[in-house]
Amino acid sequence: MTGFWTQAIEVARKDLRTEMRTGEVFLITIPFGAVALMLIPLAVGTDTPLLRSIGPGMYWVVVLLFGVMVALRQSAVEAGPQQDLLSLLGIDPGAQFTGRAGATTALLLAFEVILGPVAMALYDPQPRGWPWIAALVVLVAIGLGLLGTLAATIAGSIASSALVPLLVAPLSVPILLAASQTMDGLRFGNTILGWVLLLVTMDLLLAVAGVLSARPLQEASR
Amino acid sequence: MTEPLLDLRAVGVRLGDTPILRGVDLRVGPGEVVGLVGANGSGKTTLLRVAATLLVPSAGEGSVLGAGLKDDARFDVRNRIGLIGHTPALYPNLSLEENTRFVARLVGAPAGVVGAALDRVGLAGARHRRAVQCSHGMQRRAEFARLLITRPDLVLLDEAHAGLDRHAADLVAFILQDVRSRDGGAMLVSHEHNRMEPLVDRVVELRNGAVRAWEDGA
């Protein structure tokens with residue numbers, strides 16, 4: 001029998017390999033995300049100060065909306081027979097959750113990195129503190145990856161994916177707020193430590209909640 | 001007295017208000033293979049899911065590989081149960097080899113077993129083909145390859161012969177022989193009675209969710 005992390009890595013590797021084959025995130029979700037980012041400047045026009053001010057917020061909202069789609073897509077790969085298979089192989093449900101959330105995080109990270117230059121070109125947010133921004137991008141990807149996977153797991157246990165946005169929206173508020181405020185803090189030279197700590201706390205809470213609830217949610221889905 | 005691998009006592013399952021299984025008593029001992037027949041909707045698949053610990057019965061009691069059907073201990077014996085259900089448990093966009101390797105890595109089997117297992121089930125030439133591009137029979141063979149790697153103590157086969165050619169049907173016999181030789185047990189559902197009967201020690205029939213004595217042709 002293999003250990004927790006080996007199982008999680010194998011599950012993540014399988015999910016990422018599936019994405020490489022289908023390209024659903026890279027070929028469909030990212031182009032739509034870029035279009036969504038473009039719509040706001042079209043509506044606002046050439047009001048550069050306004051665009052600069054709302055840019056980071058719009059970017060994170062787009063990341064959230066499309067991040068949920070990424071998480072849902074990942075969950076769809078794991079239908080009933082595949083879930084039964086993993087259970088009967090004795091795979092720890094917590095490791096399954098960790099692996100799926102890891103793959104979703106990796107895809108979200110790629111999503112953020114690719115759309116970042118698009119947002120820069122459209123909104124010209126004049127960011128400062130690149131090391132902090134890099135850490136922020138990673139923390140948000142982890143948070144939304146965990147949140148999306150947890151929401152998709154809960155929705156799977158009650159057989160209704162329509163609930164995912166309802167579950168994600170309120171829980172994502174602290175993450176999006178912290179991300180936007182950190183960007184503003186960096187731009188205007190304010191302290192950002194509190195917001196970064198909020199992000200780290202949210203990531204830890206979601207990870208613990210996801211791993212601990214994985215078994216009961218998996219059993220409830222049958 | 002030898003402890004049975006599967007011991008169901010007055011097991012009942014309800015889905016909402018509908019009774020699916022009613023008072024099922026069934027035992028599968030070491031080295032025993034039991035055939036399960038019954039009309040569509042008689043509860044065969046539900047019974048296999050109870051035996052696989054994937055479904056907790058709403059009535060009755062029993063054990064699987066020594067673990068109570070309703071106890072948390074059932075989670076610990078799941079890796080000794082092999083279930084092949086109606087719908088293939090394969091990832092459609094992974095190749096047959098990738099699907100099999102995924103399982104082998106998860107159970108900590110050496111890398112060499114993947115090629116050997118695919119070769120044994122006659123899929124060596126198709127190992128790079130994605131599961132979604134394979135016929136139902138080929139997908140079944142890939143699932144048999146999984147059983148050859150995991151070698152479970154309790155094998156549960158739903159519609160064991162559906163979509164299988166003669167060579168693939170021989171694989172069913174091989175897997176059952178293997179599990180018997182290890183003092184394991186098996187239960188298989190099949191509508192092809194002439195193929196099933198030579199493989200099993202006894203046959204039980206499910207009729208309207210309850211076990212009945214089976215009379216061929218009834």
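Predicted model only: the values in this text are computed from it and were never measured. Proteins come first, then strands; the chains are lettered A, B, ... in the order of their sequence lines, and each starts at number 1.
- In the displayed structure, A:F4 atom CZ is contacted under 6.0 Å by more than 12 heavy atoms of other residues, nucleotides or ligands.
- Using a 4.5 Å cut-off on side-chain heavy atoms (C-beta onward), B:F102 and A:L86 make contact.
- The two atoms that bring A:Q82 and B:P88 nearest to each other are NE2-O, 4.1 Å, heavy atoms only.
- In this structure, the side chains of A:D84 and B:R49 come closer than 4.5 Å at one or more pairs of heavy atoms.
- Between atom CG of residue A:L85 and atom CD of residue B:E143 there is a gap of 8.0 Å, rounded to the nearest 0.5 Å.
- Within the 4.5 Å cutoff, side-chain heavy atoms of B:F75 are placed close to those of A:R215.
- For the atom pair CG (B:L54) and CD (A:E219), the distance works out to 8.0 Å, reported to the nearest 0.5 Å.
- With rounding to the nearest 0.5 Å, the separation of CZ in B:R105 from CG in A:L89 is 14.5 Å.
- Annotation: the span from A:R17 atom CZ to B:E98 atom CD amounts to 4.5 Å, rounded to 0.5 Å.
- The line from CG of B:L83 to CG of A:L88 is 6.0 Å long, rounded to the nearest 0.5 Å.
- There is no contact between B:I84 and chain A, counting heavy-atom distances below 4.5 Å.
- Of the atoms belonging to A:T22, it is side-chain heavy atoms, and not backbone ones, that fall under 4.5 Å from chain B.
- Looking at B:T87, both its backbone and its side chain come within 4.5 Å of chain A, counting heavy atoms on both sides.
- Among the candidates B:N99, B:L94, B:N93, the single residue satisfying the side-chain contact (heavy atoms from CB on, under 4.5 Å) test with A:K14 is B:L94.
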